[in-house]
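Note sheet for the following structure.
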Amino acid sequence: MSGTVTSGPMASGAVTATNDFVVKFANVNGSGSASANQLFAKSILRMGIPIASRNIFPSNIQGLPTWFEVRVSGAGHLGRRGGVDLMVAMNPQTWDRDIAEIDPGGYLLYDSTRPMPNSRFREDINVIGIPLTQMCNAAYTEARQRQLLKNIMYVGALSALLQIEPAVIETLLSEQYKGKEKLAKPNHDAFMMGREWALANLQCPIGLTLERADKVGERIYVDGNSAAGLGAVYGGATVCAWYPITPSTSLAEGFERYARRFRTDAETGKKRYAIVQAEDELASIGMVIGAAWNGARAFTATSGPGISLMQEFVGLSYFAEIPSVIFDVQRAGPSTGMPTRTQQSDVLAAAYASHGDTKHIVLFPEDPHECFTFGADAFDLADRLQQPVFVLLDLDIGMNDWLCEPFDWDDARQMDRGKVMTEAELESGKTFGRYLDVDGDGIPYRTYPGTHPSKGAFFTRGTSRDRFAKYTEVGAAYVDNMQRLLKKFETAKSLVPRPVERPASQPTRTGVLYYGSSSAAMKEALAALEAEGIHLDAMRIRAFPFHDDVMEFIARHDKVFIVEQNRDAQLRTLVMNEGGIAPARLVPVLHYDGTPITARFIHAAIAEKLPSLNVLPFAGAAAE
Amino acid sequence: MSFLPKPKLHHPKLPVNALGYTRRDYEGAISTLCAGCGHDSISAAIIQACFELDIEPHRVAKMSGIGCSSKTPDYFLGASHGFNSVHGRMPSVLTGANLANRDLIYLGVSGDGDSASIGFGQFAHSIRRAVNMTYIVENNGVYGLTKGQFSATSDKGSKAKKGVVNTDEAIDLIGIALQLGATYVGRSFSGDKDQLVPLIKGALRHNGPAFIDCISPCVAFNNHEGSTKSYDFVREHNEAMNFLDVILGREAITTEYAPGEVRDVVQHDGSVLRLRKLHDEYDPTDRVGAMHHLHERKAAGEIVTGLLYIDPDPQDLHENLATVATPLNRLDDAALVPGRKALEKLNASLR
Ligand SMILES: Cc1ncc(C[n+]2csc(CCOP(=O)(O)OP(=O)(O)O)c2C)c(N)n1
Ligand code: SF4
Ligand SMILES: [Mg+2]
């Protein structure tokens with residue numbers, strides 16, 4: 001074990017980096033490591049250094065392995081980088097694979113209470129042993145305390161090894177235990193115990209160091225599900241019907257938390273919202289549709305399996321033109337698949353959900369900031385367009401805390417309830433035809449039940465009706481209606497969030513399209529590619545239907561990569577289908593093993609594919 | 001099929017209710033069901049009940065699933081909003097509508113296929129969730145609209161038109177509704193208007209989940225010899241527990257009854273349910289007793305009808321959720337959107 005730094009000098013070839021490395025914690029689910037790991041992550045942020053943190057966890061409550069990865073990036077890269085510089089290996093079950101994951105020259109921190117044979121280590125890493133269990137057993141008698149405070153103790157040691165300012169930890173602990181000072185003290189003591197032991201026994205700091213910076217600014221650190229739940233509060237949602245499913249559960253819970261805080265009547269204690277945990281996803285979406293039909297803003301939150309169950313109702317929402325908002329926090333595979341792994345694999349299931357000819361609005365937020373804004377906007381869009389609106393998050397954005405721009409709100413903004421005919425308008429003799437295209441944009445007027453004693457009532461059903469909602473099975477009336485729905489979808493293009501273009505620093509004939517949680521890794525990959533002289537125009541798609549800008553972007557380039565986190569290149573299919581694009585023009589870059597996409601992956605995939613595509617990424621170098 | 005609107009000319013001598021509406025004002029489009037279908041009689045009973053209760057038609061939301069029965073909301077209360085949703089899912093759509101506006105009257109109409117098969121779960125959960133509604137199942141023991149397959153309420157031993165005997169156990173929706181906490185439970189027969197109209201009236205004035213199982217023969221597929229849902233069979237085996245009068249506060253109570261013959265139950269909204277007892281021992285405020293009686297009579301081959309259970313002071317979903325008195329669909333930006341300041345404070349807590 002030449003690399004042991006418990007005593008003696010650091011191994012040669014040790015990784016050295018300041019504010020730019022990856023720390024990974026290997027823990028056991030349910031051991032209370034989460035709050036200690038959070039403390040570690042937040043302390044770096046408070047030192048003004050950007051981080052990207054990710055939970056990698058099993059579908060299990062207690063006992064299975066769980067990991068927490070913190071990427072420290074002074075340069076502000078928030079995607080996963082890939083690789084590990086420092087492994088905090090606290091789980092004997094996963095020891096071998098955890099050790100194998102460390103980059104050469106990297107570091108291993110482990111609990112050295114029980115001696116380990118040399119064969120369990122690697123020659124090319126630096127090993128830091130701390131007798132954590134022994135120290136805890138000496139200091140505490142209660143089993144749960146021993147377990148919980150061991151986690152805080154390693155944070156203490158890390159503060160010495162990486163140079164985290166102890167004052168920052170102090171502040172965080174006192175914030176966390178405000179009003180519960182009894183709990184603050186043992187945490188503080190455990191932190192100091194770990195810190196002092198490291199200072200006394202280890203060479204501090206190691207090659208990885210933190211240095212106070214000013215790179216975080218006004219940004220906030222929050223998970224996308226909470227942000228989307230908050231967006232629903234600001235979007236004026238009053239009815240939430242949902243059925244628990246990872247990774248969307250915390251979205252409904254986020255709505256509950258913020259609605260309770262902001263929408264409880266101070267005097268009566270009564271609520272200006274209703275949340276129903278339905279018996280299944282069919283009932284969830286049914287309640288949403290019933291509530292929206294009756295003039296409330298309503299939503300559900302689910303994941304892929306729930307989307308499958310909602311199909312019939314989504315079609316009704318489309319054909320009967322009833323607003324509905326569906327947050328889909330995507331995960332990998334079916335119910336018995338990888339529920340705690342991330343993917344972007346519901347794109348087609350959402351865009352063309354249900355039987356019959358249907359197309360829906362789909363929004364792709366890139367981070368929690370957009371989860372909030374799109375979360376609120378979705379309700380305006382649904383009311384304006386009177387149809388389903390999907391907000392496609394994924395586990396990576398939904399369940400991880402991300403550093404993002406602060407939430408923002410314009411107090412002058414008013415809910416756009418869309419085209420709703422009022423009692424006064426009906427009374428004044430305005431013609432009401434539920435499916436009449438009065439304004440030429442394909443969007444008809446609706447009335448809420450109970451509006452007027454004798455005018456404006458109509459009977460809602462699927463498609464067998466005329467412009468005045470009277471029953472008919474006449475083919476021409478059906479076609480007339482379907483054409484209007486298409487026109488409405490055309491109108492939607494100008495209302496949904498526009499794509500964001502990021503031109504290359506030099507003219508190029510190659511482009512790349514990407515969306516959602518791939519954004520951070522994509523930005524970093526673009527910078528790395530550019531450093532190698534590979535210039536790509538990039539466009540981030542933020543919504544379906546695609547804005548005309550997307551098709552123009554494709555037209556301007558010979559080849560366009562589409563980066564996605566699914567196997568079948570689903571967005572590519574959608575682009576080809578809607579834009580009539582020749583498949584050969586669109587080159588898929590696909591990552592779908594359930595872990596978040598990395599900059600390294602995108603970089604390597606594009607660099608590898610480029611030579612065979614017969615295009616040069618440089619100015620004027622069209623293929624011919 | 002033609003869709004000429006019905007002339008709405010009022011005969012000057014047609015009786016009007018307290019709102020000045022005639023019975024005609026509660027009608028809907030012309031029915032397209034088979035002549036003699038029990039469902040049409042139930043529509044007529046709903047029209048009569050709403051007329052007699054002086055209900056503003058536009059204050060009613062009519063919801064249904066899919067089936068012949070679920071088509072009927074088009075045939076009554078033409079001035080009400082209606083929603084013909086998807087098969088078996090009326091209860092969730094109604095629940096959502098009710099959450100949005102607690103001030104309307106919710107009338108859910110369904111079939112036995114709609115509620116006991118594909119929608120059994122939604123039926124059960126809407127009842128146990130205590131949604132304030134009137135839920136009527138037009139029960140014919142078959143799937144009418146898909147041409148005569150057995151439904152889950154078809155009795156074991158009942159014969160299909162082509163002679164096949166049903167071997168599966170029947171679901172008794174009344175039993176389930178009682179068990180799951182419906183606070184107004186009745187059964188009736190589409191052929192017995194005198195019993196059905198007041199039963200619907202009482203349900204519409206009830207402030208909780210009111211469930212009515214109304215046997216409603218299908219003349220096309222289930223009205224033959226050997227069927228237990230035919231007009232003849234139901235008439236022969238009908239065992240009425242009581243007859244009901246719904247008395248609104250202002251009506252003078254004129255008829256006189258011998259002591260012990262009637263029982264008055266005052267509902268939360270002040271309406272009086274006057275029960276003319278036909279079975280001395282039957283107490284409709286005793287849920288467990290009602291369940292026991294139901295099973296006992298069923299074993300004896302009888303179909304018990306009447307108001308089988310009533311909790312005059314129920315608690316509904318909105319009370320359970322502690323929602324504000326103002327309907328949620330009427331809350332404006334000021335009531336719903338916390339605004340910029342709150343967001344800034346929140347941002348500060350996330351750094
Ligand atoms: C999802 C779905 N499956 C099947 C059908 C076909 N279907 C229409 S009505 C019906 C049965 C209706 O039976 P019931 O509710 O008893 O109504 P009835 O016609 O007897 O009044 C079925 C199976 C459907 N509309 N939707
Ligand atoms: S098929 Fe049966 S249920 Fe349907 S309309 Fe005819 S009689 Fe009524
Ligand atoms: Mg039926």
Side-chain angles (χ1 to χ4, degrees), chain A residues 45 218-222 230 233-234 236 238-239 241 262-263 265 268-276 278-280 282-284 286-296 298 312-313 316 406-411 414-415 447-454 457-461 470-472, chain B residues 3 29 56-63 73-74 78-87 89 91-101 103-104 121-122 124-125 129 317-318 321-333 335-344 346-347 350-351:
Chain A
L45 275 181
E218 289 296 289
R219 280 185 286 178
I220 55 173
Y221 181 62
V222 67
L230 182 68
V233 172
Y234 273 75
T238 50
V239 174
F262 295 125
R263 300 252 200 90
D265 191 280
T268 61
K270 297 282 186 188
K271 299 168 182 173
R272 297 192 292 275
Y273 63 94
I275 301 176
V276 175
E279 61 270 28
D280 56 30
L282 283 75
S284 310
M287 288 178 203
V288 168
I289 288 170
W293 174 79
N294 210 2
E312 186 186 20
F313 257 133
L316 183 73
F407 301 136
D408 194 16
W409 193 257
D410 176 3
D411 279 337
Q414 294 264 311
M415 287 188 271
T447 53
Y448 298 152
T451 299
H452 189 281
S454 58
F458 65 95
F459 197 71
T460 303
R461 43 167 89 76
K470 289 275 174 299
Y471 189 84
T472 177
Chain B
F3 294 97
E56 287 269 20
H58 75 295
R59 304 304 295 168
V60 179
K62 328 167 274 187
M63 334 282 292
D74 201 16
S80 309
H81 275 67
F83 196 159
N84 196 181
S85 67
V86 292
H87 195 19
R89 317 296 172 199
S92 65
V93 177
L94 188 151
T95 301
N98 183 297
L99 289 171
N101 184 356
D103 282 356
L104 299 184
Q122 294 219 339
H125 287 278
R129 228 170 246 132
L317 177 62
H318 278 281
L321 292 177
T323 49
V324 287
T326 312
L328 296 178
N329 69 352
R330 284 222 294 274
L331 298 175
D332 60 7
D333 286 78
L336 297 178
V337 187
R340 193 190 181 98
K341 263 226 173 77
L343 209 50
E344 277 168 6
L346 198 75
N347 280 329
L350 298 170
R351 291 191 174 111

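Letters go in sequence order (proteins before strands), and every chain restarts at 1.
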Under 4.5 Å from a heavy atom of chain B, the part of A/L282 involved: both

B/A100, B/P338, B/G339: which one forms the most heavy-atom pairs within less than 4.5 Å of chain A? B/P338

Heavy atoms only: give me the nearest A/K271-B/L321 pair and the separation to one decimal. CD-O, 3.4 Å

Largest heavy-atom contact set with chain A, pairs under 4.5 Å, which of B/R89, B/M63, B/K341, B/H87: B/R89

At a heavy-atom separation under 4.5 Å, does A/R263 approach chain B through its side chain, its backbone, both, or neither? side chain

Residue part contacting chain B, namely of A/T447, when any heavy atom lies under 4.5 Å: both

Test your reading of the model: is there a side-chain donor-acceptor pair from B/R351 to the backbone of A/E218, 3.5 Å cut-off? yes

Sub-3.5 Å donor-acceptor pair from the side chain of B/H318 to the main-chain atoms of B/N98, do we have one? yes

By a 4.5 Å heavy-atom criterion (distance strictly below it), what part of A/A241 contacts chain B: side chain, backbone, both, or neither? neither

Between B/A97 and A/N294 the two heavy atoms that sit nearest each other are O-ND2, 2.8 Å

Given that the side chain runs from C-beta out, which part of B/D332 has a heavy atom under 4.5 Å from chain A: side chain, backbone, both or neither? backbone

Pick whichever of A/E312, A/H452, A/R461, A/M287 has the most heavy-atom pairs under 4.5 Å with chain B. A/M287

Which atom pair, heavy atoms only, marks the closest approach of A/A296 to B/N329? N-CB, 3.8 Å

Testing the basics here: between A/F407 and B/N347, what is the closest heavy-atom pair and its distance to 0.1 Å? O-ND2, 2.8 Å

In terms of ring plane angle, is the pair A/F262 and A/Y234 parallel, tilted or perpendicular, where the classes change at 30° and 60°? perpendicular

Spell out, as yes or no, whether a donor-acceptor pair under 3.5 Å connects the side chain of A/R272 to the backbone of B/A335. yes

Interchain contact, B/S80 with chain A, by part (heavy-atom threshold 4.5 Å): backbone

dist B/D103:CG -> B/L328:CG (nearest 0.5 Å) comes out at 10.5 Å

Shorter than 4.5 Å, heavy atoms on both sides: which option in A/P406, A/S284, A/A274 has the most such pairs with chain B? A/P406

Given heavy-atom pairs under 4.5 angstrom as the criterion, report whether the side chain, backbone, both or neither of B/P73 touches chain A. both

Let's test your reading of the structure: which of A/G450, A/G236, A/S454, A/G295 forms the most heavy-atom pairs below 4.5 Å with chain B? A/G450

Holding to ring-ring contact (aromatic ring centres under 6.0 Å, His included), I want the full list of residues that pass it with A/Y448, two or more places apart in sequence or in another chain. none

Which portion of A/A298 sits near chain B, non-hydrogen atoms under 4.5 angstrom: neither

Under 4.5 Å from a heavy atom of chain A, the part of B/L94 involved: neither

When B/R340, B/H81, B/H58 are compared by non-hydrogen pairs under 4.5 Å with chain A, the top option: B/H81

Which residues pass the side chain to side chain donor-acceptor pair (under 3.5 Å) test with B/E56, not counting sequence neighbours? B/Y21

Please report the closest heavy-atom contact between B/N101 and B/L104, naming both atoms and the distance. ND2-CG, 3.5 Å

A/F313 versus chain B, heavy atoms under 4.5 Å apart: side chain, backbone, both or neither? side chain

If I measure from the heavy atoms of chain A, does B/T326 come under 4.5 Å with its side chain, its backbone, both, or neither? neither

Please look at A/V288 and chain B and tell me whether the side chain, the backbone, both or neither of the residue comes under 4.5 angstrom of a heavy atom of that chain. neither

Checking B/R330 against chain A: side chain, backbone, both or neither under 4.5 Å from a heavy atom? neither

Non-hydrogen atoms of chain B under 4.5 Å away: do they reach the side chain of A/I275, the backbone, both or neither? backbone

Could you have a look at A/W409, A/Y221, A/W293 and say which one has the most heavy-atom pairs with chain B under 4.5 angstrom? A/W293

Atom group of B/P57 that falls short of 4.5 Å from chain A, counting heavy atoms: neither

Any side-chain heavy atom of B/L343 sitting closer than 4.5 Å to one from A/L230? yes

